[in-house]
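Remarks on the structure that follows.
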Amino acid sequence: MTATTHLQEDRQPWQIAVSVETFAYLAVFLIALGLRWFNLGAAPLSDAEARQAFAAWSLLHPAAAGAGSIDSPLTFGGLALSFALAGTTTAAARFLPMLGGLALAFTPVLFRDYLGRAGTWLAVLLLALSPGAVAASRMVGGASYAMLGLVAALLAFQRHLATQQPGYLMLAGVGLAASLLADFGAPIALLAPLLGGGFMLLTDEEGHFSWPDIRQQLAAIPWRYLWIGLLPALALIGTLFFLAPAGLGALADQLGRFASGLIRRNPGVPYLGITLAVYDIMLLVFGLVGAWLASQSASPWQRFLAGWGIAALLLGLLYPGAGPVHGLWSILPLAMLSAPAILALFEEEDEVPRWGTYLHGLAVIALCGMFFASLTRHLTAPRMVSLPGNPNLNNIPLDLIFTILWLVAIVGLWFGLASLWSTRAAWRGTGLGGLVIGLLISMGQSASLASTRATSAYDIIHPSPAQVELDLLVETAQEVSKLAVGNPRDAGIVVVAPPDGALAWALRDFTDVTYTAQVDASVQSVMVITPVEGTDPALGSAYVGQDFPIVRRWLPEGLPMAELVKWVLYRSAASQPQTDWVILWVREDIYRLVPATGPLR
Amino acid sequence: MITVLGWYLAVTLIGALAWPLAFRLLPGLPDRGYTLSRALGLLLVGYVFWLLGTLGLLHNSVGSILFAGLIVAGVAIWVYRTGRTEAANLTDWLRGHSWFVVIAESLYVIAFIFWVIVRAYNPDISGTEKPMELAFLNGVRSSPAFPPRDPWLSGYAISYYYFGYVIVALLADLSGAISSVAFNLAIPTLFALTLLGCFGLIYNLVGVFHQEETNATPPVRHAVATLSGLLGALMVAVMGNLEGFLELLYNLNLPFVGDRFWTWLDIEDLNVPGNTATPPGQWRFWWWWRASRVIHDRDLTGASIGLQPIDEFPFFSFLLGDMHPHVLALPFVMLALGLAFNALAQTDRLDRRQWALYGLAFGGLAFLNTWDLPIYLFILVAALVVRRVREAGGLHLKYLRDPLVAGGSILAIGVIAYLPWYVGFTSQAGGILPNALFPTRLHQFLVMFSPFVVILLWFLIVQAIRYRQRLDLLNATILGLGLLLFLVALAFALGTAAMRADPGVRDFVFASTGLPVGGLAEEEIAAQTQTAIRTIALHRLNHPLTSVLLTAIIILALARLLPQTAGPAGDDEASASLSPFSASTGFVLILILTGAMLALGPEYVYLRDNFGQRLNTIFKFYYAAWVLFGVAAAYAIPVIVARQPFALHLPFAILITLLVLAGSVYPAFSILDRVGLFAREPSDPLPTLDGIAYIERQYPGDYAGIVWLQQNADRDAVVLEAVGGAYSYYGRVSSATGLPTVMGWSNHERQWRGDLYDALAGTRETDVVEIYNTPSIERALELLRRYDVTYVFVGSLEQSPAFASPRGLAKFDRFLRVVYRDAGVTIYQVDSAVVEETP
């Protein structure tokens with residue numbers, strides 16, 4: 001008996017049930033935490049993340065150079081809290097979104113009454129491993145908070161319907177406020193469960209609901225309590241209890257971004273459909289199957305979930321302003337839909353499609369093809385990778401590891417087929433094999449996003465990532481500063497860059513940084529940082545320069561089919577990412593160890 | 001096309017947001033505020049957006065506008081839901097009035113699209129005060145927060161009633177229109193909103209009239225009210241004064257209309273003898289402009305004075321296309337009238353929520369066009385008084401207390417609601433001056449108002465005859481003549497005081513009455529003063545007709561408003577049956593009374609402003625009087641038909657037809673002239689809504705430089721450009737970009753800043769000239785530093801030899817960085833580092 005089937009059993013002696021379930025959740029928790037927390041601060045903040053971090057930093061350090069902008073009032077508040085408690089580090093900037101993502105992975109537990117014990121655990125596992133959820137957890141942003149707020153609002157509303165207590169409506173209002181304050185796309189996320197509710201009512205064939213009853217029930221709800229929760233929460237949380245009145249303006253600006261997103265895509269941001277298909281294909285497949293099954297169910301909850309999942313998916317695909325992190329809109333309900341679909345594979349049903357055998361055959365052939373392709377690639381061009389910020393984990397043959405895992409998966413699939421050997425066995429084997437492979441792929445992708453590909457431009461799920469070379473630039477600048485003024489922070493630096501981007505965040509600890517649009521012959525500071533252009537800038541002294549890539553961006557647009565397949569499989573392509581380079585210019589007298597006061601003795 | 005559609009949808013959606021609020025708070029209006037909801041929505045969204053922006057809670061962004069819209073929607077829904085005690089329900093009302101909604105929406109759409117087409121044929125934002133208005137619009141849009149920056153006085157906020165520009169800016173932001181297009185979409189919007197507001201107001205008035213005074217069946221009532229509304233919209237917002245008709249006569253050169261007639265009429269440009277037959281298209285350049293100058297003031301020597309009264313009317317404003325505050329306020333004037341009528345017509349007294357709404361709407365008038373606030377607040381208070389008269393069946397002085405308290409409270413709410421604006425606003429008004437020398441000649445007054453005045457006189461006479469038993473002619477005459485005598489006495493007292501206190505005034509009066517000026521002994525001055533006063537008095541006595549006509553109108557209106565029979569006070573229910581007239585007739589009598597008082601006032605006194613003449617007072621008072629008379633006349637027509645003997649219908653119909661036709665000559669010919677259909681050349685530019693496209697055609701270099709600044713300049717930048725006269729091309733860079741310049745049109749800044757101007761502007765005008773002309777880099781740097789200039793624009797005006805020397809311009813290349821140079825235009829950036837480093 002496997003652990004999964006063990007969990008499926010409804011009733012167990014208290015001690016055993018608790019211990020196994022607890023163990024299972026602990027295992028998932030550790031995996032989820034590892035994927036989200038590992039190397040959290042290793043990849044520098046991107047431009048978009050840095051702008052938000054600077055806004056919070058400015059609140060704590062009003063005299064600081066960077067201005068920043070509040071994209072999400074809730075993220076702003078979280079950042080301010082993180083920085084106040086843990087200092088202004090990159091990891092601190094990402095810490096609360098990481099916690100939010102971790103909490104989001106466990107939100108199916110709140111629906112345990114509907115999902116069942118095994119279904120809940122499976123949904124948690126799927127969310128814990130989902131590359132989309134992992135990526136969103138590792139970025140400064142409010143998408144995870146928005147979904148948490150939504151879930152809180154849904155549960156509170158459901159509790160109100162069950163108990164008629166107005167306090168739950170106020171809680172729902174607070175949840176909605178949190179959601180709206182967290183992310184500009186929150187209205188879409190909120191719309192999806194509403195449509196799910198509509199789907200549930202429209203597909204009611206058992207007569208659970210009648211429209212007059214629903215109208216009467218809706219009219220009887222004391223909506224004012226919702227507003228009593230919502231409006232003060234918006235005002236108080238949005239302005240950090242009036243410490244930052246601009247937060248309300250940021251909420252309004254979010255509304256503007258939402259409206260703008262209705263009609264145009266943000267340049268440089270990949271289409272949500274691509275990121276979902278490439279990173280969360282397993283959730284898509286099992287989630288859609290689950291949605292189909294749930295839509296046939298007599299259970300209103302199942303139909304609600306199906307409607308929510310499909311609506312979230314469609315809205316995400318149709319809303320032009322959606323970015324990769326907004327995959328969370330559909331990832332959460334799809335994970336909860338996938339779990340029953342997966343569990344259905346274990347049910348002893350005689351009726352299975354006849355074409356299950358052929359599907360199984362095709363799956364085995366496809367998997368073998370992929371395996372050999374990977375093996376060939378690994379043998380001809382082995383990729384030895386090192387983990388950023390972790391010198392002890394260099395030169396890992398990661399491809400080989402994954403290739404072996406593939407092999408294990410295929411064997412497992414074959415085993416599943418061989419052990420039962422019938423149409424039902426084929427069907428089940430395909431499902432289970434797909435599940436195992438999907439889980440492995442998800443885990444592999446998530447692990448890569450957390451480690452080896454944390455700054456890869458080919459991983460479009462984190463668009464325009466800042467490059468680790470920024471750390472090298474900072475280290476060099478610190479060394480030069482030591483030479484020039486005797487400490488690593490106080491040398492003068494003139495920077496041709498925005499005062500709140502990735503570069504500015506990397507330089508935030510330097511005390512004498514001037515951001516400007518241009519430099520000219522009047523500039524004689526110890527260091528100057530300029531973008532790489534056709535000609536070197538005319539500065540007021542002799543300088544020596546070293547170039548560093550700071551941001552890379554890439555989109556899979558216009559790729560030929562072969563390249564596209566290559567990118568989907570290996571996240572690499574012949575077309576190079578567009579790179580923003582800067583040159584760190586060091587005044588020649590410092591570089592030659594000749595201070596301005598005269599040669600060193 | 002998409003921008004036009006987006007603009008239309010923005011206005012319509014904002015109206016839809018506010019309609020539940022109007023529906024609940026305007027129960028006295030048969031249309032439940034449907035036709036006013038767009039104006040109400042714009043006012044409320046604009047207010048929330050402006051207030052939260054001013055308090056620093058919102059940024060000046062699209063999101064903030066949407067946020068403000070959500071707040072308004074939330075409040076509207078809350079008010080709608082919490083007031084659902086009455087049976088009426090919004091959806092039921094819509095179902096029952098679907099044809100009305102279709103007609104109202106069609107009227108709005110047709111008017112909007114029609115005027116978009118008209119604007120597309122003459123879109124240029126040049127001449128008159130359009131550049132100033134574009135500057136304000138851009139200033140509002142480019143300011144990160146409120147109050148908005150003044151693009152023509154860098155470092156300072158706009159000191160003007162700028163609320164209308166905030167409303168246009170929010171529509172521009174929502175629809176994504178650039179400002180020069182938004183300008184040309186705003187005018188059609190104002191046109192359409194004014195038409196819709198008129199239509200709705202008159203529909204409501206006539207509807208209430210039939211409800212209360214006739215036994216007409218609902219379909220008949222609805223049909224008559226709808227037709228009256230459409231006719232009223234035409235009369236108020238489309239019809240012109242008779243100048244168009246006279247222009248046609250003049251250019252037809254009919255044999256029976258000789259030179260003597262034109263000389264007697266004495267309208268400038270038409271009083272030139274020897275006219276010849278001229279086909280349309282070849283009439284004088286901008287002949288239609290003359291319609292705003294039909295009042296021709298001459299002093300006692302017969303000399304024409306320099307600054308003639310302005311007598312604009314709504315259609316002229318739309319035709320001219322200036323986005324001036326009095327035009328921006330028009331839809332909100334209709335809203336204020338609707339609210340005032342609702343206060344009179346609704347069953348219950350105003351509740352707290354209505355007080356708040358009224359405070360915002362009437363207070364907003366001051367922020368939109370300050371002149372309108374006292375006028376329409378007076379109408380509201382008068383409506384509340386009439387409400388008491390209707391309740392009690394008569395007038396008692398104690399009935400004035402509650403309306404006055406209500407008016408004062410609404411004023412207080414309005415002032416508090418817009419307090420942040422009042423704090424930074426400098427009023428141009430500086431007291432009251434007497435008008436002793438220039439009585440308006442009756443025939444010129446009738447050229448302006450006769451289509452309305454004739455109908456109103458007929459209406460008042462019919463009312464007087466039919467309700468002669470109830471007229472309080474004695475008290476009305478006492479009040480009417482009292483008002484006239486008060487004005488005469490006031491003018492006399494102010495005039496004699498001014499002559500004694502100010503030698504300049506005395507000399508002006510002497511010169512105007514043909515008496516010698518200067519070198520006079522005290523006795524001679526005293527004697528001449530007596531002579532002048534006598535001469536002026538005789539002159540006024542010889543030209544009494546306008547005052548007599550207006551006083552007669554006032555007496556007739558008052559006589560109907562002050563019924564002789566006083567009912568029992570306090571017992572409202574018992575006295576309601578004694579109502580001497582319907583709410584709508586009472587309201588229209590207030591409009592007539594107010595309009596006549598507005599027209600009568602400038603016969604004797606006017607508000608002191610920068611012009612020192614009565615032109616602005618006439619302008620603003622006549623403008624309001626036009627609206628009031630127009631609405632009243634449109635209401636009067638169906639009431640006259642319902643009340644007068646049948647035998648009079650035919651002559652009345654003929655008269656109305658002739659008057660409406662005569663008033664319609666102006667719009668018909670002026671539109672065709674303005675869009676150039678009489679004489680359109682193949683080489684003429686294609687229709688466009690971009691108001692600065694003419695710069696691209698005439699000054700391509702300047703245009704490219706302006707576009708560069710629009711795309712690249714920082715929001716906080718200050719741009720330096722040539723300084724020059726008003727109503728000209730000067731100030732074009734700041735106007736088109738919204739980037740503040742050191743000094744724009746200086747005389748306008750002086751108007752807006754009043755006594756503070758010298759302290760604020762200092763030597764800016766000469767400093768700008770010096771920056772461009774001085775060969776000294778040090779001096780130029782000092783001045784650039786003083787005004788925190790970011791960019792120096794050197795374009796067509798700056799390179800004009802009349803403005804700057806080549807040597808002065810050449811120095812910029814030596815110390816400033818060129819950030820743009822093309823087609824003869826150079827833009828320099830004043831880098832802070834450079835400024836600091838250069839000796």
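Throughout, protein chains are lettered first and strands after them, A, B, ... in sequence-line order, and every chain is numbered starting at 1.
- For Leu174(B), no part lies under 4.5 angstrom from a heavy atom of chain A.
- Summarising the geometry of Leu251(A) relative to Phe67(B), their closest heavy-atom pair is CD2-CE1, 3.6 Å, with the distance given to 0.1 Å.
- Contact tally against chain B (heavy-atom pairs below 4.5 Å) for Gly247(A), Gly238(A), Gly256(A), Gly249(A): the top residue is Gly249(A).
- Closest approach of Leu58(B) and Leu248(A) over heavy atoms only: CD2-O, 3.7 Å.
- When the options Leu55(B), Leu52(B), Leu57(B) are evaluated for a side-chain contact (heavy atoms from CB on, under 4.5 Å) with Pro245(A), the one that passes is Leu57(B).
- Shown here is Gln164(A), whose CD atom has more than 12 heavy atoms of other residues, nucleotides or ligands within 6.0 Å.
- When side chains are defined from C-beta on, Asp253(A) counts as touching Ser64(B), because their heavy atoms get closer than 4.5 Å.
- In Trp227(A), the CH2 atom is not crowded: 12 or fewer heavy atoms of neighbouring residues, nucleotides or ligands sit closer than 6.0 Å.
- Surrounding CG of Leu5(B) are more than 12 heavy atoms belonging to other residues, nucleotides or ligands, all under 6.0 Å away.
- A distance of 6.5 Å separates NE2 in His59(B) from CD1 in Ile70(A), rounded to the nearest 0.5 Å.
- With contacts defined as side-chain heavy-atom distances shorter than 4.5 Å, the pair Leu66(B)/Phe258(A) does not qualify.
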